[in-house]
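Inspection log for the structure reproduced underneath, given as structure tokens.
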Amino acid sequence: MSTQGKKSAQRSASKKRSISKEPKGKKEKTQKYNYVELAKAPLTSPGPQHLYAVIIDATFPYKTNKDKYICSLKVVDPSLHVKSQKGTGDGSDYATVILYAKRFEDLPIVSKIGDIIRVHRATLRLHKQQRQFNASVFYNSSWALFSSEKNDNAPSTFSGKHYSFEKQESAILQNLRKWALQYFSSYNVITNDMYVPLKDAQKEKADFDVLAKITHIHEMDEYTNELRLRDQSGVTWHTLALKLKFPNIQNGDVVRIRSALVDETSKKKVLILSHYSNIMTFISSSKLSKEIKSKVQDEKQPDKASLKKGVNMQAVVLTEIDKKHANLPNTPLSELFHHADTDPELQNKNTFRTTFQVIKIEPSDVKEWAKSYDKKTKQASSLKGGKGANPIFQVQFLVKDASTQVNNHTYRILLYTHDGLGANFFGINADNLHKNDGARKKLEEQAELLTKFNSWVDAVVEKRNGFYFIKDTKIVV
DNA sequence: TTTTGGGG
């Protein structure tokens with residue numbers, strides 16, 4: 001039908017409505033959007049269609065060759081989710097939604113599989129036997145994202161300046177949330193054909209998807225996290241994830257990575273992500289996510305014997321902090337040493353948690369790490385020659401971290417145990433190290449580990465007179 | 001709005 005024809009059809013339709021016998025004031029329809037089911041949406045609809053659906057996969061919004069941005073999603077609903085007549089029982093069927101926009105910020109960032117998207121004015125076609133809904137945000141389409149794990153009607157993000165929400169949608173949204181929770185608790189949803197086990201990753205020549213648990217997050221620098229990924233095939237890979245792009249991922253999360261590539265140039269197993277790659281967690285009812293979370297064990301710290309061999313291929317945290325500080329957030333060294341007196345967040349605190357690498361330890365002679373301490377004069381003196389009582393540790397760590405990588409300063413973190421702070425750090429009591437060869441040898445080993453490449457100390461420190469003293473922290477390797 | 005690009 002021509003545009004003219006369409007318009008006249010619309011006009012005559014509205015004429016018909018206006019001559020209905022409805023009493024005045026009630027005849028106006030307030031409902032603008034009829035939502036279609038994915039499997040039932042007509043392929044030959046004369047106009048755009050509107051949908052509510054549950055997201056099971058999404059690219060990160062990405063730029064195409066010429067000033068256009070795309071986000072591609074896989075979606076399901078009660079009408080379209082499990083492959084029928086294929087005998088697999090648990091295979092996912094889905095429709096795709098392709099969103100086009102002129103600007104990055106006009107597209108949704110999907111970080112959780114199981115969340116809900118609403119799309120207005122999409123056109124449906126078949127593409128490679130899939131139902132594909134196309135929606136141009138730069139024309140007149142719009143979208144809104146809803147969390148599946150909340151109960152309100154406000155979208156978490158949406159395109160445009162405002163969003164509409166009609167009364168009828170409340171029920172649609174509620175029902176879809178209920179269905180999503182149920183669906184993810186009884187089906188894997190992300191089926192075997194949708195990802196590659198990590199043990200087979202090395203063979204992949206093109207990009208592929210991953211389903212794994214994050215067993216460790218290491219801060220490489222100010223902008224980058226290094227994720228350690230492990231799945232049920234028992235193999236570990238690493239990947240770099242920009243903090244700004246994926247701000248919400250946490251240690252222990254089970255994630256789907258949409259599009260990863262084996263880094264052929266790396267000696268260790270590294271996956272390369274692209275600009276369109278996405279890392280998504282799952283809604284909490286997900287059976288699959290729970291299973292992987294419980295079955296993939298967190299990795300053990302390497303033992304001392306393997307640590308002493310060669311270079312650490314990955315970051316190793318040598319210490320553990322007391323449980324009572326488990327929820328203490330990490331404060332970078334730059335904050336501790338340059339902003340602790342001016343930052344209102346830090347001003348009134350004196351206990352911090354910080355993670356650092358030890359560049360050097362002073363005194364360099366381990367035998368002088370323990371001193372004799374005179375409680376009256378508060379003086380420490382060498383135990384050399386066998387004299388002196390009340391041995392304590394007095395050790396200074398010269399340290400760096402990601403936040404201070406670019407400057408030339410090193411910072412001092414102190415292990416001074418005269419008041420008991422940090423007394424358990426080395427796992428042995430302070431003693432005369434000129435005499436006690438066993439203790440000295442053990443501490444020399446610790447010194448070697450502490451200053452080794454890729455070794456990290458996660459410590460709780462207490463601020464006293466502008467100095468930071470380690471406490472409630474011990475070496476565990 | 002343009003026949004978008006869509007596993008990029």
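Naming: A, B, ... by sequence-line order, numbering from 1 per chain. Please read all numbers here as calculations on a predicted model, not as lab measurements.
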Hey, which of these two, A:Lys128 or A:Thr64, hits DNA chain B nearer its 5' end, going by closest nucleotide? A:Thr64
Quickly work out the A:Ile70 CD1 to B:dT3 P distance and round it to whole Å. 13 Å
Rounded to whole angstrom units, what separation is found between the CG atom of A:Leu73 and the P atom of B:dG5? 18 Å
For A:Thr123 and for A:Lys74, find the nucleotide of DNA chain B with the closest heavy atom, then tell me which residue's nucleotide is more 5'. A:Thr123
Are A:His81 and A:Tyr94 an aromatic pair by the rule of ring centers under 6.0 Å? no
From the list A:Lys112, A:Lys178, A:Arg177, salt bridge (charged side-chain N to carboxylate O under 4.0 Å, His left out) with A:Glu149 holds only for A:Lys112
Base B:dG5 to side chain A:Asn134, donor-acceptor N/O within 3.5 Å cut-off: no
OP1, OP2 of B:dG6 versus side-chain N and O of A:Arg131: anything below 4.0 Å? no
Is the phosphate of B:dG6, meaning OP1 or OP2, less than 4.0 Å from a side-chain N or O of A:Tyr62? yes
Atom CG of A:Asn65 and atom C1' of B:dT4 are separated, to the nearest Å, by 10 Å
By the 4.0 Å heavy-atom rule, please label A:Arg125 as base, sugar-phosphate, or nothing. base
Length of the CG-P vector between A:Asp207 and B:dG8, whole Å: 8 Å
Starting at NZ of A:Lys63 and ending at C1' of B:dG6, how long is that distance when rounded to a whole Å? 19 Å
What is the distance, rounded to the nearest whole Å, between atom NE2 of A:His127 and atom C1' of B:dG7? 9 Å
Please state whether the phosphate of B:dG5, meaning OP1 or OP2, lies under 4.0 angstrom from any side-chain nitrogen or oxygen of A:Ser72. no
Classify the nucleic acid contact of A:Asp209 as base, sugar-phosphate or nothing, counting any heavy atom under 4.0 Å across all strands shown. base
Quickly work out the A:His275 NE2 to B:dG7 P distance and round it to whole Å. 13 Å
Can you find a donor-acceptor pair, distance only, under 3.5 Å between A:Ser136 side chain and B:dT2 base? no
Give every residue pair that meets the ring pair (Phe, Tyr, Trp, His ring centres under 6.0 Å) criterion with at least one member in residues 113-132 of chain A, sequence neighbours excluded. A:Tyr33-A:His120, A:Tyr35-A:His120, A:His50-A:His120
If you measure from the ring centre of A:Phe138 to the centre of the six-membered ring in the base of B:dT1, is it under 5.5 Å, with the planes under 30° apart? no
In whole angstroms, how far is the C1' atom of B:dG8 from the CG atom of A:Asp57? 12 Å
Taking side chain to side chain donor-acceptor pair (under 3.5 Å) as the test, write out the residues that go with A:Asn330, two or more places apart. A:Thr355
Parallel, tilted or perpendicular: rings of A:Phe60 and A:Phe104 (30°, 60°): tilted
Measuring from the side chain of A:Gln132 (C-beta onward, heavy atoms only), which nucleotide among B:dG8, B:dG6, B:dG5 has the closest atom? B:dG6
